[in-house]
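To find a chain, count down the sequence lines: A is the first, B the second, and so on, and within it residues start at 1.
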Amino acid sequence: MEQDLELVKRCLAGENSAWEALLRAHTSKVYNLCYRFTGSSTHAEDLTQEVFIKIYQTLKSFDAAQGAFTTWLSRITRNHLVDHYRRTKKDRVTDSIEDKVERVEERPSASLDPLAELESREVRELLQAALALLSPDMREAVILRDLQELDYQEITQVLGVPEGTVKSRINRGRLELARIIKRMKGMKG
Amino acid sequence: MNHLDAVNQISEYLENQLGLATQAEMEAHFTTCAECREMAEGVREVMELCQAAEPLQPSPWLISKIIQATTGQRQPSWWERLLGSIRPVLQPRVVYGISMAVFSISFILHAANVNIRSLTLRDLNPGTWAYRANSKGHLLVARAEKYYYDLRVVYEIQNRLRELRNDQDEPKPETPKKASPGGAQGRSRNGSTELAEIPGFNRFSTRMSAADVLSMWSKRSLPR
């Protein structure tokens, strides 16, 4: 947290190396959030780039007193994702669960063990397909809590809703995910 | 605790965020409510699934793209961009192919006698190229043929001279000789064998030059 603050200060002083360090520290986090939300690596990369351009332009507005840099970053990312979701609402079609399972993309991971890689891919695909079927409100809450590992307070700041709402969305999201995953496993046989 | 309260607090129960008393109430409810128990198990599975999901890695060039889009750093020069665009082409087989093409073109240009530094309109006509290449080819063949015949002539000369020398060295049969005034019959002034007596001397002389032999050969006086 202190390190982020220092990097932000150096960025504002015009140090390009600090900006690069900030990018290296947080690109993966933003990308994962975008990917979990969109389910497409191409869209996730485009959105990550757009988020960081926005961050770069509004870095002066970051106030450390209001929360950590990661929380601010997550809030901007989330807002951008919501905008993107609204913008592309017309383009989306309702897919069936089977389509979702088939559509999940292959992505390389750090693991080199083929068995572990296969297992990890299955988990990823199942989770991504199930997440895609959640409503956006519940999806973002679950992603922030279970995949981005933010605490309730941070999620409250990111989403801008009361803590009770956050807890409710997370709980309902998890219950819904459990139902979807159970159905998917039943279909796969 | 009723069923609805239990359902609403499943996540908090699994995260141990409820007070001890509420936790105990939840556990008590689970012993009697199979539906809640099943839901709690499902939520636990979801949480474990999320924990097992490894973070995804973005493309390695994503950071560079963002840097270019923001600070504008690392803008490659035109040379780097050009090199980057032709990098896939710079493979051994492609380089070999290009070299062979250059060699072939230079060979054709040389055969067609085209000087690139002073090109004329006529040089651009493929017909001219074919004509020149044809002429050059014929010239080349003619030169090779001439060289071959020259070698043959030299060989013939050498052969004939060897024969003459052999003839010269052979002992002559004793023939009655007329007495000469000087007593030096059959001998030349320097004491060598009389050349006129050598067979074939009338046709060849040891003093014949190569030009004479060539001239004779051209008149088909030599065996071919």
Side-chain angles (χ1 to χ4, degrees), chain A residues 11 14 16-17 19-20 23-24 27-32 34-36 41-42 44-45 48-53 55-57 107-111 116-117 119-121 123-124 126-128 130-131 142-143 145-149 152 167-168 170-182, chain B residues 1-19 22-23 25-27 29-30 33-76:
Chain A
C11 275
N16 288 333
S17 60
W19 172 243
E20 191 173 334
L23 275 176
R24 291 199 185 281
T27 302
S28 178
K29 194 182 181 72
V30 173
Y31 171 79
N32 271 273
C34 295
Y35 181 81
R36 295 298 181 199
S41 57
T42 314
E45 286 197 357
T48 305
Q49 188 171 342
E50 288 165 15
V51 165
F52 276 106
I53 289 172
I55 295 282
Y56 187 76
Q57 289 165 346
R107 295 289 302 171
S109 77
S111 171
E117 168 61 25
E119 196 178 331
S120 168
R121 208 175 83 185
V123 169
R124 226 162 39 218
L126 184 67
L127 187 64
Q128 193 57 46
L131 277 172
V142 172
I143 290 170
R145 178 67 186 148
D146 290 334
L147 294 165
Q148 298 280 305
E149 296 174 350
Y152 283 106
K167 284 181 177 175
S168 169
I170 290 170
N171 190 49
R172 283 188 292 126
R174 284 172 177 168
L175 285 167
E176 187 61 29
L177 264 184
R179 267 194 290 273
I180 293 168
I181 288 169
K182 195 176 175 184
Chain B
M1 178 174 281
N2 63 31
H3 178 73
L4 192 62
D5 287 341
V7 170
N8 287 337
Q9 295 182 94
I10 285 177
S11 287
E12 286 176 88
Y13 165 73
L14 292 172
E15 289 181 351
N16 293 320
Q17 294 203 341
L18 296 172
T22 320
Q23 289 278 118
E25 280 180 45
M26 287 286 284
E27 280 164 14
H29 179 75
F30 288 146
C33 183
E35 194 186 344
C36 280
R37 217 169 35 241
E38 196 183 336
M39 279 195 278
E41 195 51 45
V43 171
R44 191 197 305 277
E45 196 184 332
V46 166
M47 289 166 69
E48 284 172 358
L49 204 64
C50 289
Q51 280 178 352
E54 285 179 15
L56 299 154
Q57 295 302 317
S59 311
W61 53 84
L62 180 61
I63 292 176
S64 299
K65 273 172 70 180
I66 295 170
I67 289 172
Q68 279 186 24
T70 49
T71 60
Q73 260 190 339
R74 289 185 183 171
Q75 284 285 355

**Asked** Looking at B:Val7, B:Leu62, B:Leu14, which one has more heavy-atom pairs under 4.5 Å with chain A than the rest?
**Response** B:Leu62
**Which of B:Lys65, B:Arg44, B:Gln51 touches chain A most, by non-hydrogen pairs under 4.5 Å** = B:Lys65
Could you report the tightest heavy-atom contact between [X] and [Y], atom names first, then the distance?
X        : Y        : answer
A:Arg174 : B:Val46  : O-CG2, 3.8 Å
B:Pro58  : A:Thr27  : CG-CG2, 4.4 Å
B:Cys50  : A:Leu147 : O-CD2, 3.7 Å

**Request:** Could you verify whether a donor N or O on one side chain and an acceptor N or O on the other, from B:Thr70 and A:Trp19, lie under 3.5 Å apart?
**Result:** yes
**Request:** Compute whether any side-chain donor of one residue and acceptor of the other, for B:Glu15 and A:Tyr152, lie under 3.5 angstrom apart.
**Result:** yes
Hey, could you give me the [atom1]/[atom2] distance between [X] and [Y], rounded to the nearest 0.5 Å?
X        : Y       : atom1 : atom2 : value
A:Leu127 : B:Leu49 : CG    : CG    : 5.0 Å
B:Ile66  : A:Arg24 : CD1   : CZ    : 10.5 Å
B:Ser64  : A:Leu23 : OG    : CG    : 9.5 Å
A:Glu20  : B:Ile67 : CD    : CD1   : 3.5 Å

**Request:** Quick one: do A:Lys182 and B:Glu38 satisfy side-chain contact (heavy atoms from CB on, under 4.5 Å)? Show the steps, please.
**Result:** CA-CA 11 Å; A:Lys182 195 176 175 184; B:Glu38 196 183 336; 2.4 Å; yes
Under 4.5 Å from a heavy atom of chain B, the part of [X] involved:
X        : result
A:Arg145 : side chain
A:Phe52  : both
A:Asn171 : both
A:Ile181 : side chain

**Prompt:** Quick check: does any side chain N or O of B:Gln57 sit under 3.5 Å from a backbone N or O of A:Ser28, one acting as donor and the other as acceptor?
**Reply:** no
**Asked** Do the non-hydrogen side-chain atoms of B:Gln9 and A:Lys167 ever get within less than 4.5 Å of each other?
**Response** no
**Asked** Side chain, backbone, both or neither: which part of B:Glu41 has a non-hydrogen atom closer than 4.5 Å to chain A?
**Response** neither
